[in-house]
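What follows is one structure encoded as structure tokens, with my remarks underneath.
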Amino acid sequence: MQLITGKAKIAAVLGWPIEHSRSPLLHNFWLQRHQIDGAYIPLAVKAEDFKNVIQGMKAAGFKGCNVTIPHKEAAYQCCDIVDETAKKMGSVNTLWFTEDGKIHGTSTDGDGFVANLKDADVTLTDKKVLILGAGGAARSVAYALLQDGAQITITNRTLQRAEQLVRDLGAGQIIEWKSWIKELGQFDVLVNTTSLGMEGKDDYLFDLQHASNDLVVTDIVYVPRVTPLLKAAELKGLKTVEGLGMLLHQARLGFSKWFGINPVVDHELTEFVANSLKK
Ligand SMILES: NC(=O)c1ccc[n+]([C@@H]2O[C@H](COP(=O)([O-])OP(=O)(O)OC[C@H]3O[C@@H](n4cnc5c(N)ncnc54)[C@H](OP(=O)(O)O)[C@@H]3O)[C@@H](O)[C@H]2O)c1
């Protein structure tokens, strides 16, 4: 058993609610693997208490934290130093406190998304990528894809949201939601960033009849692990990449900032977290 001493490094994840978060499981898995004197705890924090809690954590010597819904924009406002990615997102999911008293923040979802595809040997430079959705996750995914040299097209049920995203990114094409199925043949990669296919959500028919045989299909939804979109792609014999890897990869930067080790995403960790999703 790993012991926590008086010198332990402490980090946390803040959200409201927070019970569903898998982040404590995965960070504590890495802490144990590397025999680090530290802990990563879930904190249920209401929106109105968020700023006070951040200041309290800093005063109490926490190394930093992850933030999830509904705190990502408020966390951005709390930061003293943010990078270009955070500025483009207007939100952060990872904070770290440095000895000079500064709060640093970034958004790691986009890098996690790209790292997950690279793990599956999918290259993105000059690839034509169709993104389903224009919500918060789509923003991170689209920005990371552009950074990696992909050509992006966005389609979203609410057209104005796709238009706003393309304006904010300063790049990308748009197609209407009702047209994406018949336009699919021109794309190399299809990514679902909508909540469609999530356990407990409405059914939706992901029709891939016009896909080319080389299309790579990925979903950022990871509950269930094999989503309806991924099932449809498997039935057509297409290459698929699950969303769980994105969750695992996006966690790596925070862990390295707080605990001083660059952790890896491997089969053992993936199965450990995947098993927790079944319960
Ligand atoms: N793997 C990971 O690490 C990871 C990270 C972040 C998020 N996620 C997952 O990504 C999903 C989206 O998260 P988010 O934060 O981007 O949510 P969000 O900001 O609320 O955006 C939701 C998106 O889904 C679309 N949508 C919802 N219901 C729809 C329907 N019935 N038909 C068509 N489109 C619909 C919305 O379209 P409208 O604009 O028309 O409403 C919007 O584009 C969630 O399932 C989340 O769990 C995974």
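Below, all heavy atoms of this structure are taken into account, side chains as well, without hydrogens, waters or symmetry copies. All residue numbers refer to positions in the sequence shown, counting from 1. Counting starts at 1 for both ligands and their atoms, in listed order.
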Asp100, CG: over 12 other non-hydrogen atoms inside 6.0 angstrom: yes
Sub-4.0 Å heavy-atom contact, Gly112 with ligand 1: no
Of the listed options Leu159, Leu244, Leu247, Thr227, closest to atom 3 (O) of ligand 1 (non-hydrogen atoms): Leu247
Val273 vs Leu244 side-chain heavy atoms within contact, under 4.5 Å: yes
Sub-4.5 Å side-chain heavy-atom contact between Asp148 and Leu145: no
Element-labelled atoms of ligand 1 that are located less than 4.0 Å from some non-hydrogen atom of Val221: 45 (O)
Distance-only N or O hit between ligand 1 and Met246, under 3.5 Å: no
Region of Trp177 that comes within reach of ligand 1 [heavy atoms, distance under 4.0 Å]: side chain
Ligand-side contact atoms (ligand 1) for residue partner Met198, heavy atom cut-off under 4.0 Å: 44 (C), 45 (O)
Nitrogen or oxygen of Leu196 less than 3.5 angstrom from that of ligand 1: no
Mode of Asn156 contact toward ligand 1 - side chain, backbone, both, neither (heavy atoms, under 4.0 Å): side chain
N/O separation below 3.5 Å, Asp109 to ligand 1: no
Closest to atom 21 (O) of ligand 1 among Ala134, Gly135, Gly245 (heavy-atom distance): Gly135
Thr5-Asp37 side chain donor-acceptor pair, cut-off 3.5 Å: yes
Residues which pass side chain to side chain donor-acceptor pair (under 3.5 Å) with Asp49, listed by chain and number, not counting sequence neighbours: none
Residues Gln164 and Asp168: side-chain donor-acceptor under 3.5 angstrom: yes
Contact summary for Gly15 and Ile18, nearest pair of heavy atoms: N-CD1, 3.5 Å
Under 3.5 Å: N/O of Gly133 near N/O of ligand 1: no
Check: Tyr222 N/O within less than 3.5 Å of ligand 1 N/O: no
Asn66 and its side chain to side chain contact (heavy atoms under 4.5 Å, CB included) partner, picked from Leu95, Thr108, Thr94: Thr94
Heteroatom distance test (Gly136, ligand 1): nitrogen or oxygen, under 3.5 angstrom: yes
Centroid-centroid distance, His27 to Trp258, less than 6.0 Å: yes
Contact check: Gly243 vs ligand 1, nitrogen or oxygen atoms, below 3.5 angstrom: yes
Nearest candidate to atom 26 (N) of ligand 1, where distance is taken over non-hydrogen atoms, out of Ile131, Thr194, Asn93: Thr194
Contact list for residues 92-124, test ring-ring contact (aromatic ring centres under 6.0 Å, His included), sequence neighbours left out: Trp96-His104
Geometric N/O contact Ile220 with ligand 1, under 3.5 angstrom: yes
Numbering as shown, the atoms of ligand 1 that approach Ser195 to under 4.0 Å (heavy-atom distance): 24 (O), 27 (C), 28 (N), 45 (O)
Short side-chain to backbone donor-acceptor contact, Asn192 and Leu196, under 3.5 Å: yes
Residue-ligand contact Arg161/ligand 1, heavy atom below 4.0 Å: yes
